[in-house]
*Asks:* 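Quick one: the structure is below, and I'll ask about it shortly.
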Amino acid sequence: MPLMPQGEIPDFNPHSNLHLAPWACHPAATRGRRYAEAPTPTRNDHQRDRDRIVHSSAFRRLVYKTQVFVNHEGDLFRTRLTHSLEVAQMGRSIARPLGLNEDLVEAICLAHDLGHTPFGHAGQDALNECMHDWGGFEHNLQSLRVVDRLEERYPDFDGLNLTFETREGVLKHCSATNAHLLEQQEPGGVAQRFLLKQQPSLEAQLANLADAIAYNAHDVDDGVRSGLITLEQLQSIPLFAGHYQQVLHDHPHLQAADQSRRLLYESIRRMLSAQVYDVIATTQANIAAAGVASVQDVRQSGQRLVAFSPSMHYNSQALKTFLLHHLYRHPQVMQTMTAAQQVVRELFAYYLEHPQTMKPRFAQRAQQAAAAQDTAARARAVADFVAGMTDRYAASEHQRLTGQRLLA
């Protein structure tokens with residue numbers, strides 16, 4: 001076969017190998033980008049979104065952002081980056097048998113936490129307190145800010161200029177106040193569905209549920225690894241206990257003390273599989289019952305179609321409640337998170353008073369806002385800077401600026 005001349009692109013249709021259901025978002029029918037760009041010859045628009053997310057600075061920073069345990073507490077605990085990868089894997093596994101757009105699901109899953117603060121939900125809560133008088137802080141909205149504005153990679157626009165469908169999935173929650181503000185800035189855009197009480201695409205719904213499935217499972221793993229929860233405690237949770245007992249029945253040799261990791265992993269694997277199969281079966285039934293035949297039918301269906309069965313939803317919620325009380329609110333975790341919140345609050349207060357000490361582009365925004373006597377814009381510049389920090393950068397900056405070492 002003769003070689004292609006250097007620089008020539010082979011004849012290839014990036015949509016030719018897609019086999020999507022009628023209710024899936026087809027990349028050829030995308031509602032487009034905020035700034036028009038020519039298509040690429042080898043990737044469809046949602047594959048292009050995924051690749052832009054993977055190459056973004058915000059995505060790389062997730063490797064040093066807390067899931068449950070702060071980065072310095074152990075090398076094997078999940079971070080926001082590994083969590084996002086696990087969510088994407090879970091989303092793809094469910095998307096394929098449902099005939100959904102795997103590339104779009106993957107893009108949304110990889111981007112869903114780009115706006116998360118350092119120190120997980122504790123950092124988010126602290127920054128929301130700091131921004132109380134200036135519109136608050138929502139990490140979903142911040143993820144949209146990251147992909148729409150804060151990334152600086154392209155010569156002619158801010159952000160990553162992702163497609164409507166990916167951006168819609170990233171903004172999975174939004175307050176009414178923020179939805180109105182976004183609608184003013186982008187009429188008919190990603191916030192409109194919150195005002196019209198419509199549903200997002202099935203791909204966005206799936207990314208949201210895959211997030212919950214993934215973090216429940218890996219937080220069980222990390223919680224046991226940390227010693228903060230035990231296999232004995234987990235016997236009270238039907239979703240875990242049933243699979244655990246079946247694993248012991250099928251593999252009695254795993255009762256040995258030195259086999260506990262294998263026992264845990266196999267129990268979690270089966271728990272995950274059960275949830276995946278439940279979502280696929282329930283969603284197929286919901287789609288049939290709702291009679292949807294297009295993406296627009298999905299949006300106007302009035303209900304979430306990607307879902308657990310009632311019994312699986314109950315069991316999933318029971319596990320979530322267990323983790324809340326026994327892991328997320330464990331005294332050891334709470335002690336670390338209390339210190340982390342102090343770091344975030346004190347960094348915010350310092351930069352608000354001394355904006356010139358931030359990175360240049362944030363300092364410039366804050367100083368311009370101060371000159372215009374726009375206190376809200378000044379505070380938002382500070383929030384953007386703090387939210388983008390990794391755990392270790394926030395801790396080291398706090399120590400440098402205050403002389404305190406709150407996080408060993």
*Asks:* List in chain and number order the residues that pass side-chain contact (heavy atoms from CB on, under 4.5 Å) with T321, two or more places apart in sequence or in another chain; answer none if no residue qualifies.
*Replies:* H325
*Asks:* Just grab all the salt bridge (Lys or Arg N to Asp or Glu O under 4.0 Å) pairs involving residues 173-182, residues at least two apart or on different chains.
*Replies:* none
*Asks:* At their closest point, which heavy atom of P355 faces which heavy atom of Q367, and how far apart are they?
*Replies:* CG-CG, 4.4 Å
*Asks:* Please say whether more than 12 non-hydrogen atoms of neighbouring residues, nucleotides or ligands are located less than 6.0 Å from NE2 in H354.
*Replies:* yes
*Asks:* Under a 4.0 Å threshold between the charged nitrogen and the carboxylate oxygen, would R80 count as salt-bridged to D391?
*Replies:* no
*Asks:* Would you check if there is a donor-acceptor pair between the side chains of E138 and N128 at a distance under 3.5 Å?
*Replies:* no
*Asks:* For E232, check side-chain contact (heavy atoms from CB on, under 4.5 Å) against everything at least two apart and list the hits.
*Replies:* T230
*Asks:* Please identify each residue that fulfils ring-ring contact (aromatic ring centres under 6.0 Å, His included) with Y35, with sequence neighbours left out.
*Replies:* F157
*Asks:* List the residues meeting ring-ring contact (aromatic ring centres under 6.0 Å, His included) with Y244, not counting sequence neighbours, and say none if there are none.
*Replies:* F240
*Asks:* Return yes when atom NE2 of H253 has more than 12 non-hydrogen atoms of other residues, nucleotides or ligands closer than 6.0 Å, and no otherwise.
*Replies:* yes
*Asks:* Between the side chains of Y265 and R269, is a donor N or O closer than 3.5 angstrom to an acceptor N or O?
*Replies:* no
*Asks:* Could I get the full list of salt bridge (charged side-chain N to carboxylate O under 4.0 Å, His left out) partners for R270, not counting sequence neighbours?
*Replies:* D250, E266
*Asks:* Go through the side-chain N and O atoms of D49 and T163 and say whether any donor and acceptor fall under 3.5 Å apart.
*Replies:* yes
*Asks:* Run the ring-ring contact (aromatic ring centres under 6.0 Å, His included) test against F164 and tell me which residues pass, sequence neighbours left out.
*Replies:* none
*Asks:* Output yes when E37 and R48 qualify as a salt bridge under the 4.0 Å nitrogen-oxygen rule, no when they do not.
*Replies:* yes
*Asks:* Provide the full list of salt bridge (Lys or Arg N to Asp or Glu O under 4.0 Å) pairs with a residue in residues 338-349, sequence neighbours left out, each pair given once.
*Replies:* E129-R345
*Asks:* Looking at residues at least two apart in the chain, or sitting in another chain, which of them share a side-chain contact (heavy atoms from CB on, under 4.5 Å) with A394?
*Replies:* P118, F119, V343, L347, M389
*Asks:* Test of understanding: with side-chain contact (heavy atoms from CB on, under 4.5 Å), list the residues that count as partners of T282, not counting sequence neighbours.
*Replies:* D278, N286, S309
*Asks:* Once salt bridge (Lys or Arg N to Asp or Glu O under 4.0 Å) is applied, what residue pairs with a partner in residues 187-202 remain, sequence neighbours excluded?
*Replies:* none
*Asks:* For H26 and N44, does a side-chain donor sit closer than 3.5 Å to a side-chain acceptor?
*Replies:* no
*Asks:* Does atom CD of Q356 have more than 12 heavy-atom neighbours, drawn from other residues, nucleotides or ligands, at distances under 6.0 Å?
*Replies:* yes
*Asks:* Which pair of non-hydrogen atoms, one from L127 and one from A383, has the smallest distance, and what is that distance?
*Replies:* CD2-O, 3.8 Å
*Asks:* Which salt bridge (Lys or Arg N to Asp or Glu O under 4.0 Å) pairs, counting each pair once, include a residue from residues 83-105, with sequence neighbours left out?
*Replies:* R50-D103, R78-E86, R92-E106, R96-E102
